[in-house]
Amino acid sequence: ENQHTMGSVLVPSLQRSDSMEKLFDDEASNDAEPSALQPDKSMDVSAYTDALGWRSQMTSVFEMDKSAGVCVRLVAGPEWSALSTLVILANAVTIGIETQWQTQYHLESALYQEGNGKEPTKFNEELFTVLEFIFLAWMLLEVSLNMYVQRKAFFFGKEQSWNIFDVTVIVLSIGMQF
């Protein structure tokens, strides 16, 4: 029977699949006498994912048509995602450092003007301006290539929210430069 009664509520019973039974039967037989030749099933993630039925549900996010062009393969691949993530993190760190140095400079300036502190240490604002343009150029390149690869799906696909967010950030960034 597939259901049990708990009070007045009918609860479905959990049944292990055949592969799960095999996994636990194998583990039970391995407990009796472990062998150096047999793999350690407790560490075999693949066996657990198979037993739970996850293997059939998992597909690669980066699967694509083998006949796709170089640009499509590049932008849809894991390397592009990793590079984009690294650039985003570098941008965030740069913004954090710039904010820290600007805040420190303005605080020291205010204290110095009141006669309560030393002369503020200058920092190179031009460096951060150049870095902002570099990150903005990267964002434009990334969004342009994603738009080319995704075509209509850029605005109507499952990633549309992120794409619209990216475009909004770029438009605001360009607006802040003027």
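No experiment lies behind these values; they were computed from the predicted model shown. In this chain, residues are counted from 1 in sequence order.
Atoms NZ and OG, on Lys122 and Ser109 in that order, are 7.5 Å from each other to the nearest 0.5 Å. Between Ile134 atom CD1 and Thr129 atom OG1 the span is 11.0 Å, to the nearest 0.5 Å. Atom CD1 of Ile88 is separated from atom CZ of Phe135 by 10.5 Å, given to the nearest 0.5 angstrom. Distance CD/Glu132 to CG/Leu127: 10.5 Å, rounded to 0.5 Å. How far CE of Met139 is from CG of Asn146: 12.0 Å, rounded to the nearest 0.5 Å. Distance CG/Leu107 to CG/Leu111: 4.5 Å, rounded to 0.5 Å.
The cluster map of Ile, Leu, Val, Met, Phe, Trp and Tyr, joined by side-chain heavy atoms under 4.5 Å apart, puts Leu140 and Phe133 in different clusters. Cluster membership check: Met147 shares its hydrophobic cluster with Phe156, using side-chain heavy-atom separations under 4.5 Å among Ile, Leu, Val, Met, Phe, Trp and Tyr. Cluster membership check: Leu83 shares its hydrophobic cluster with Val149, using side-chain heavy-atom separations under 4.5 Å among Ile, Leu, Val, Met, Phe, Trp and Tyr.
With hydrogens and angles ignored, the 3.5 Å screen pairs no side-chain donor or acceptor of Asn91 with any backbone N or O of Val87.
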Atom pairs and distances, donor-acceptor, side-chain atoms in residues 158-172, under 3.5 Å, two or more places apart:
unit_1, atom_1, unit_2, atom_2, d
Asn163, ND2, Gln150, OE1, 2.8
Asn163, ND2, Phe154, O, 2.9
Asn163, ND2, Glu159, O, 3.3
Thr168, OG1, Ile164, O, 2.8

Step-by-step side-chain contact (heavy atoms from CB on, under 4.5 Å) determination, Tyr112 to Lys118: CA-CA 6 Å; Tyr112 180 71; Lys118 61 180 183 164; 5.6 Å; no
Where do Phe123 and Gln104 land on the side-chain contact (heavy atoms from CB on, under 4.5 Å) test, with the steps shown first? CA-CA 10 Å; Phe123 74 97; Gln104 183 178 348; over 6 Å; no
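Residues in residues 79-103 take part in these ring pair (Phe, Tyr, Trp, His ring centres under 6.0 Å) pairs, two or more places apart or across chains: Trp80-Trp138, Trp101-Phe128.
Annotation for Pro120 and Glu108: closest pair CA-OE1, 3.3 Å, computed over non-hydrogen atoms.
Partners of Gln100 according to the side-chain hydrogen bond (donor to acceptor under 3.5 Å, both in side chains) rule, which considers only residues two or more places apart in sequence or in another chain, do not exist here.
Enclosure of atom CD in Glu126 is not indicated, since only 12 or fewer non-hydrogen atoms of other residues, nucleotides or ligands lie within 6.0 angstrom.
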